[in-house]
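In each ligand, atom 1 is the first atom listed, and ligand 1 is the first ligand listed. Source: prediction; values computed, not measured. The first residue in the sequence is number 1, and the count goes up from there.
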Amino acid sequence: MAKILITSGPTRQYIDPIRYLSNASSGQMGCSLAAAALQLGHQVVVVSGPTNIEYPAGAQRIDVVSTQDMMIASADVFPTCDGLIGAAAPCDYRPVEVADHKIRKSGAALEIKLVETDDIVAALGISKRANQWTVGFALETEDARFRALAKLIRKCCDLVILNGVEAIDSSENSIEIIAPNGQIIAQASGSKDHVATMVLRTIQERLIESQVVSSLK
Ligand code: C5P
């Protein structure tokens, strides 16, 4: 049995107390992955941004709002886990300044300076122990396989799951799982539950069982 951390859903970056930047992620893929991992007998911790999704009762759920909150919660729990699946769509930008009052309309254009947020999968991938594994998602529109592999390398992932924009806020998905040598080791399409089962099957064979074998040697 492995303990698996799954990041899921969108995050929010507030501009003022009312308004925020976010994206259309539903958390469905993270939910399906949590269910598939529990089905295989694993322990699951979900760190989730704001979403209406109901994660399986057997998973431990930690709710967060911003990308920084997701980073802190994930970095806190990851040392107790065997692996990470980064299924969240964290907001990539945050405003440099957050107004402490509602920004009033003035009739003029509003300029907001944004900076990039930290990358959770990359940070945990770089810091992982020899027996820990990390799996990231890549949502690409052009040069998809090349960019997904580049992401795997940059974020020190053991596998990357390539999917398209159709996946966002949809009950279906179509994926390819890419290994560090660039090989496509699995493909799946259909409901997110079906795709998640295939993803967990691949993780089980490639990352979980191989750790058990190497620890026995
Ligand atoms: O770079 P990009 O956002 O396309 O990479 C997607 C992968 O990186 C997903 O696994 C996502 O969960 C993760 N990610 C992250 N922290 C961010 C941005 C993306 O963990 N700030």
Numbered in order shown, the ligand 1 atoms found under 4.0 Å of a heavy atom of Ala88 are 11 (C), 12 (O)
Quick note on ligand 1: atoms under 4.0 Å from a heavy atom of Gly136 include exactly 10 (O)
Residue, atom name and distance, where the atom is the protein heavy atom closest to [atom]:
atom	result
atom 9 (C) of ligand 1	Phe137 O, 3.3 Å
atom 10 (O) of ligand 1	Gly86 O, 2.6 Å
atom 5 (O) of ligand 1	Lys155 NZ, 2.8 Å

Report yes if some N/O of [X] lies less than 3.5 Å from some N/O of ligand 1; otherwise report no.
X	result
Lys151	yes
Arg154	no
Pro90	no

Donor-acceptor pair, distance only, cut-off 3.5 Å: does the side chain of [X] make one with the backbone of [Y]?
X	Y	value
Glu172	Ser189	no
Asp69	Ser66	yes
Thr51	Ser26	yes

Looking only at heavy atoms, is any part of [X] under 4.0 Å from ligand 1, and if so is it the side chain, the backbone, or both, or is it neither?
X	result
Met70	neither
Thr117	side chain
Asp92	side chain

Atom 13 (C) of ligand 1: which of Val121, Thr134, Asn23 has the nearest heavy atom?
Val121
I want to confirm something. Looking only at heavy atoms, which of Asp118, Ile120, Ile85 is nearest to atom 21 (N) of ligand 1?
Asp118
We want to know whether Ser48 and Asp63 form a side-chain donor-acceptor pair, criterion being a heavy-atom distance below 3.5 angstrom.
no
Tell me yes or no: between the side chains of Gln13 and Thr67, is some donor less than 3.5 Å from an acceptor?
yes
Can you name the closest pair of heavy atoms from Arg129 and Pro79 and give their distance?
NH1-O, 2.9 Å
Of all heavy-atom pairs linking Ala59 and Leu38, the shortest is N-CD1, 3.9 Å
Any non-hydrogen atom of Asp119 lying under 4.0 Å from ligand 1?
yes
Is there side-chain contact between Thr197 and Arg201, with at least one heavy-atom pair below 4.5 Å?
yes
Above 12 or not: heavy atoms from other molecules or residues under 6.0 Å from CZ of Arg206?
no
